[in-house]
Peer 1: 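Quick one: the structure is below, and I'll ask about it shortly.
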Protein chains: 2
Amino acid sequence: MVKNVTFKDAWDGQADCRVCALRESVLFAGLNEGDFEHIHQPIDQYTLPVGAVLYRSGDSGQRMYTIRSGVLKLVQYLPDGSQRIVRLIRSTDVTGLECLLGKPYQHDAIVLQETEVCSLPIKVVDNLSQENPTLHRELLNRWQRALNEADAWLTELSTGSAKQRVARLLLRLVSDMESSECELFAREDMGAMLGITTETASRTIAEFKRRSLLVESRSNHFLLDVPNLQRIAED
Amino acid sequence: MVKNVTFKDAWDGQADCRVCALRESVLFAGLNEGDFEHIHQPIDQYTLPVGAVLYRSGDSGQRMYTIRSGVLKLVQYLPDGSQRIVRLIRSTDVTGLECLLGKPYQHDAIVLQETEVCSLPIKVVDNLSQENPTLHRELLNRWQRALNEADAWLTELSTGSAKQRVARLLLRLVSDMESSECELFAREDMGAMLGITTETASRTIAEFKRRSLLVESRSNHFLLDVPNLQRIAED
DNA sequence: CGTGGGTTTGAAGCCGGTCAACTCACGTGG
DNA sequence: CCACGTGAGTTGACCGGCTTCAAACCCACG
């Protein structure tokens, strides 16, 4: 686990949203030239390595984040100290919406795969959203999207046998890719996503490999046998 | 199960939000006299019996709902037909927010305990929220509240042993009451909330009764031994 | 080349799933 | 009024999957 990566270390510079490659799919999609004049605070860009902490549960933050690439986990803890991963945040997702409402962050946000983020001061988002209805609407959409994700985790990833859950998780990882290739997470993280133990996660993945449902293409990248995994996922 | 309760049957009349007893805690808390002039569509009030369907997943609705009293379940279905309850909606909660975004309802909403609801046309909410920032802010808060609930269901109610889950559910039911009394749900529903079978739910509840963690006060109403249930909940 | 973290595998035991029987309350119809 | 049917809750027996505890393995890294 990489520790103590300060944000300073990871700083990539200031973003120019006007020329952002992801402009079409990102929170600021609906902004026009005039709107950009109203951005009086810098929007910084960072590249965070695996294990880096974007924010911690309970912190009262002043920034939300757009993910340009990579994957983060949102983690909550139980009284007994065990952890549960409640969602994954990926490319074009926005996280930290809650601080727009003056609430502290509700989760730990930790990098699972090297991640590029843009850091948006809430002031900027708040001001723009008052003037630009499209952005405002987009914010609501993001909230709803997060809710849908949360519900899906419950129904798809916390229901059924361990094999079903693992299969559904794998399918989910490639669902928005062109190829059926994906990078796997640590078994411990898979367990925390699926509500099973690390050992069961490992056993299941190992079995899938033996049955060639997973074939390693390059180090820790796997090609999925989608049709057969789907059969397992649905029972 | 009560079937085919039409909304007409359940109609209680038109609501006058100005004199609403729940005004302080409800979505419209921040409205002023002037705002009410802008309500050009009627806000109807209904009393729905157990088993009634408020809306169905996939329906493209034009209304959201404020719950005055009672309890509803939000249900999602898996490909294999089994159901999972992803949230409960209770007094002062708002549900159906998604149709404000033009999306169809994401769940079945079904009455678990007799429920009084107000039906708010999205046009009304939409118009008011454009002019009244307090209401608008309140809408965002509701969205965030739903998200928090969803996350809590994952970490509290879908993690740990069956005994822990049942105990946590029971504690959750009385957490916002003055007394520690609550009304239980059907075992099948409990199972669907906790990701366990009906039988396991029944066995666990029966055992809790034998151990006097649950004492029946009146028909299907139970007093909880909160401290001991808490011990079980945390292990 | 040794150390350590993550992964895999093994063995044992238990919790919860499955299937089935039985009870009880309730409502319907003879 | 009682017989009967229905549906929910409870309980039992059995079994299998998952957890638990441990050991072995693998590989990256200093």
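Sequence lines set the chain letters: A, B, ... in the order given, protein chains first and strands last, and positions in each chain run from 1. Note: hydrogens, waters and symmetry copies are ignored here, and every other heavy atom, side chains too, is used.
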Peer 1: Within less than 4.0 Å of OP1 or OP2 of dT7(C), is there a side-chain N or O belonging to Lys209(A)?
Peer 2: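 No, because none of the side-chain N or O atoms of Lys209(A) sits under 4.0 Å from OP1 or OP2 of dT7(C).
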Peer 1: Which residues satisfy the side-chain contact (heavy atoms from CB on, under 4.5 Å) test with Ser91(B), sequence neighbours excluded?
Peer 2: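 With neighbours one apart ignored, the set is empty.
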Peer 1: Given atom CG of Leu194(A) and atom P of dT19(D), what is their separation to the nearest angstrom?
Peer 2: 10 Å
Peer 1: Looking at Glu216(A), I want to see if its CD is surrounded by more than 12 non-hydrogen atoms of other residues, nucleotides or ligands under 6.0 Å.
Peer 2: yes
Peer 1: What is the distance from CZ of Arg210(A) to C1' of dT7(C), rounded to the nearest Å?
Peer 2: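 In whole Å, dT7(C) C1' lies 12 Å from Arg210(A) CZ.
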Peer 1: One thing to verify: whether Arg165(A) and Glu156(A) come together as a salt bridge, which I'm taking to mean a side-chain N less than 4.0 angstrom from a carboxylate O.
Peer 2: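 Judged by the 4.0 Å cut-off on N to carboxylate O distance, Glu156(A) and Arg165(A) do not form a salt bridge.
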Peer 1: Given atom CG of Asn220(A) and atom C1' of dG6(C), what is their separation to the nearest angstrom?
Peer 2: 11 Å
Peer 1: Hey, what are the protein-to-nucleotides 16-19 of chain C N/O distances that come in under 3.5 Å?
Peer 2:
from: dG16(C); atom 1: OP1; to: Ala162(B); atom 2: N; distance (Å): 2.7
from: dG17(C); atom 1: OP2; to: Thr197(B); atom 2: N; distance (Å): 3.4
from: dG17(C); atom 1: OP2; to: Thr197(B); atom 2: OG1; distance (Å): 2.9
from: dG17(C); atom 1: OP2; to: Thr200(B); atom 2: OG1; distance (Å): 2.4
from: dT18(C); atom 1: O4; to: Arg203(B); atom 2: NH2; distance (Å): 2.7
from: dC19(C); atom 1: N4; to: Glu199(B); atom 2: OE2; distance (Å): 3.3

Peer 1: If I take atom CD in residue Glu188(B) and atom P in nucleotide dG9(D), what distance separates them, rounded to the nearest angstrom?
Peer 2: 8 Å
Peer 1: Tell me whether Arg84(A) is salt-bridged to Asp151(B), with the criterion being a basic N under 4.0 Å from an acidic carboxylate O.
Peer 2: no
Peer 1: What pairs meet the salt bridge (Lys or Arg N to Asp or Glu O under 4.0 Å) rule with one or both residues in residues 65-83 of chain B, with sequence neighbours excluded?
Peer 2: Lys73(B)-Asp189(B)
Peer 1: Between Met190(A) (CE) and dC18(D) (P), how many Å, whole number?
Peer 2: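 That distance rounds to 16 Å.
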Peer 1: When you check the phosphate oxygens OP1 and OP2 of dG17(D), does a side-chain N or O of Arg165(A) lie under 4.0 Å from one of them?
Peer 2: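 Checking Arg165(A) against dG17(D): no side-chain N or O falls below 4.0 Å of OP1 or OP2.
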Peer 1: From CD1 of Ile205(A) over to C1' of dG6(C), roughly how many Å is that when rounded to an integer?
Peer 2: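 Taking atom C1' of dG6(C) as the reference, CD1 of Ile205(A) is at 14 Å.
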Peer 1: If the threshold is 4.0 Å, N to carboxylate O, is there a salt bridge linking Glu149(A) and Arg145(A)?
Peer 2: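 So Glu149(A) does not pair with Arg145(A) through a salt bridge.
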Peer 1: Roughly how many Å is it from CZ in Phe185(B) to C1' in dA8(D), rounded to a whole number?
Peer 2: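 Roughly 16 Å, once rounded to whole Å.
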Peer 1: Whole-Å distance between dT8(C) C1' and Leu214(A) CG?
Peer 2: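 Computing the Leu214(A):CG to dT8(C):C1' distance gives 15 Å.
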